[in-house]
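Note that this is a predicted model, so its numbers are computed, not measured.
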Amino acid sequence: QVQLVESGGGLVQAGDSLRLACAASGRTFSRYYMGWLRQAPGKEREFVAAIGWRGASTSYADSVKGRFTISRDNAKNTVYLQMNSLKPEDTAVYYCAAVRYWVDIIYPGRYDYWGQGTQVTVSS
C-alpha cells in the first residue's frame, strides 16, 4: 500500500503563493507518475498537474498553466506543487495521487493511490 500525505495548504489572499508537499511511502515511489488533483465543494474532482518518473515530463491543466509548477524529489519521496498568483477559483481540497500510466493522468478515476487532501482557500 502506497501512502501519501499532503501538507502546505492554508488560507491566503488572491495573488499569494503556496507550496504544497506530498510525502510518499515505499521504494516504489519512482515507479508511479504523481499527480495533483483538486475538488471544490459541489464540483467533480479535476486534474491539476502531473509529473513523470524523473521529473522531466510535466503536464498541467489549462486553468493553472503558467501559475503552478509541479516537481518531485525521489530521494525524499516527495512531490511538490508550487502555486503562484492564486485565484479564488483555485479554492479546493488538493489531493496528491499516484497513477501507473501517463495516458491516465488527467482522469481522476484512474489514479491508484490518494492522499488525504489539504485545503487551499483563496479569498478575494
Side-chain angles (χ1 to χ4, degrees):
Q1 179 74 30
V2 175
Q3 293 180 316
L4 306 172
V5 180
E6 303 97 332
S7 62
L11 173 62
V12 298
Q13 294 187 352
D16 286 352
S17 297
L18 282 173
R19 189 178 77 154
L20 307 183
C22 172
S25 67
R27 293 196 295 268
T28 61
F29 176 72
S30 63
R31 295 185 178 271
Y32 289 85
Y33 301 106
M34 299 299 299
W36 286 97
L37 304 97
R38 67 187 182 186
Q39 187 167 23
K43 295 185 177 181
E44 294 185 358
R45 193 166 298 183
E46 66 175 354
F47 168 77
V48 176
I51 190 165
W53 292 300
R54 308 306 297 270
S57 298
T58 58
S59 183
Y60 299 92
D62 288 342
S63 59
V64 306
K65 194 170 297 182
R67 299 188 297 120
F68 291 10
T69 302
I70 188 171
S71 61
R72 71 190 293 169
D73 186 338
N74 289 341
K76 297 181 179 179
N77 282 1
T78 302
V79 62
Y80 304 93
L81 185 68
Q82 178 67 45
M83 305 185 294
N84 298 327
S85 301
L86 283 162
K87 304 175 180 179
E89 50 263 47
D90 295 318
T91 296
V93 176
Y94 282 71
Y95 297 91
C96 175
V99 67
R100 291 294 303 276
Y101 306 108
W102 188 250
V103 295
D104 290 336
I105 60 172
I106 67 171
Y107 305 110
R110 300 301 298 166
Y111 281 77
D112 298 295
Y113 302 102
W114 295 83
Q116 84 289 347
T118 186
Q119 177 71 48
V120 173
T121 302
V122 185
S123 66
S124 59

>> Side chains of Trp36 and Met83, heavy atoms from C-beta outward: is any pair under 4.5 Å?
In response: no
> How close do Ser85 and Arg67 get, heavy atom to heavy atom, and via which atoms?
Replying inline: O-NH1, 3.0 Å
> What are the two closest non-hydrogen atoms of Ala97 and Leu37, and how far apart are they?
Replying inline: CB-CD1, 3.7 Å
>> Is it the case that over 12 heavy atoms from other parts of the model lie below 6.0 angstrom from the CD atom of Glu46?
In response: yes
> Is there a side chain to side chain contact (heavy atoms under 4.5 Å, CB included) between Asp112 and Val2 once you walk through the steps?
Replying inline: CA-CA 9 Å; Asp112 298 295; Val2 175; over 6 Å; no
>> Which heavy atom of Ala24 sits nearest to which heavy atom of Leu4, and what is that distance?
In response: CB-CD2, 3.4 Å
> What's the spacing between Trp114 CH2 and Tyr95 OH if we round to 0.5 Å?
Replying inline: 8.0 Å
> When rounded to the nearest 0.5 angstrom, what is the spacing between CG in Leu20 and CZ in Phe68?
Replying inline: 8.0 Å
Name each donor-acceptor pair under 3.5 Å that joins a side chain in residues 115-124 to protein atoms two or more places apart or in another chain, with its distance.
residue : atom : partner : partner atom : Å
Gln116  : OE1  : Glu6    : N            : 3.4
Gln116  : NE2  : Glu6    : O            : 3.1
Gln116  : NE2  : Glu6    : OE1          : 3.3
Thr118  : OG1  : Gly9    : N            : 3.2
Gln119  : NE2  : Ala92   : O            : 3.4
Gln119  : NE2  : Thr121  : OG1          : 3.2
Ser123  : OG   : Val12   : O            : 3.4

>> Taking the cut-offs as 6.0 angstrom to the six-membered ring centre and 45 degrees off its axis, would you call Arg100 and Tyr32 a cation-pi pair?
In response: yes
> With sequence neighbours left out, which residue pairs that include part of residues 85-124 fulfil the disulfide (SG to SG under 2.5 Å) condition?
Replying inline: Cys22-Cys96
> Taking the side chain from Tyr113 and the backbone from Val99, do they hold a donor-acceptor pair closer than 3.5 Å?
Replying inline: no
> Is any side-chain heavy atom of Ser59 less than 4.5 Å from a side-chain heavy atom of Phe47?
Replying inline: yes
> Can Trp102 be reached from Tyr107 by stepping across I, L, V, M, F, W or Y side chains whose heavy atoms are under 4.5 Å apart?
Replying inline: yes
> Are any non-hydrogen side-chain atoms of Ile51 and Tyr60 less than 4.5 angstrom apart?
Replying inline: no
>> What I'd like to find out is whether the side chain of Asp90 reaches to under 4.5 Å of the side chain of Arg38, using heavy atoms alone.
In response: yes
>> Quick check on the hydrophobic clustering: are Ile70 and Tyr80 connected, directly or via other members, by side-chain heavy-atom contacts under 4.5 Å?
In response: no
>> Is any side-chain heavy atom of Val48 closer than 4.5 Å to one of Leu81?
In response: yes
>> Between Arg19 (side chain only) and Gly8 (backbone N and O only), is there a donor and an acceptor less than 3.5 Å apart?
In response: no
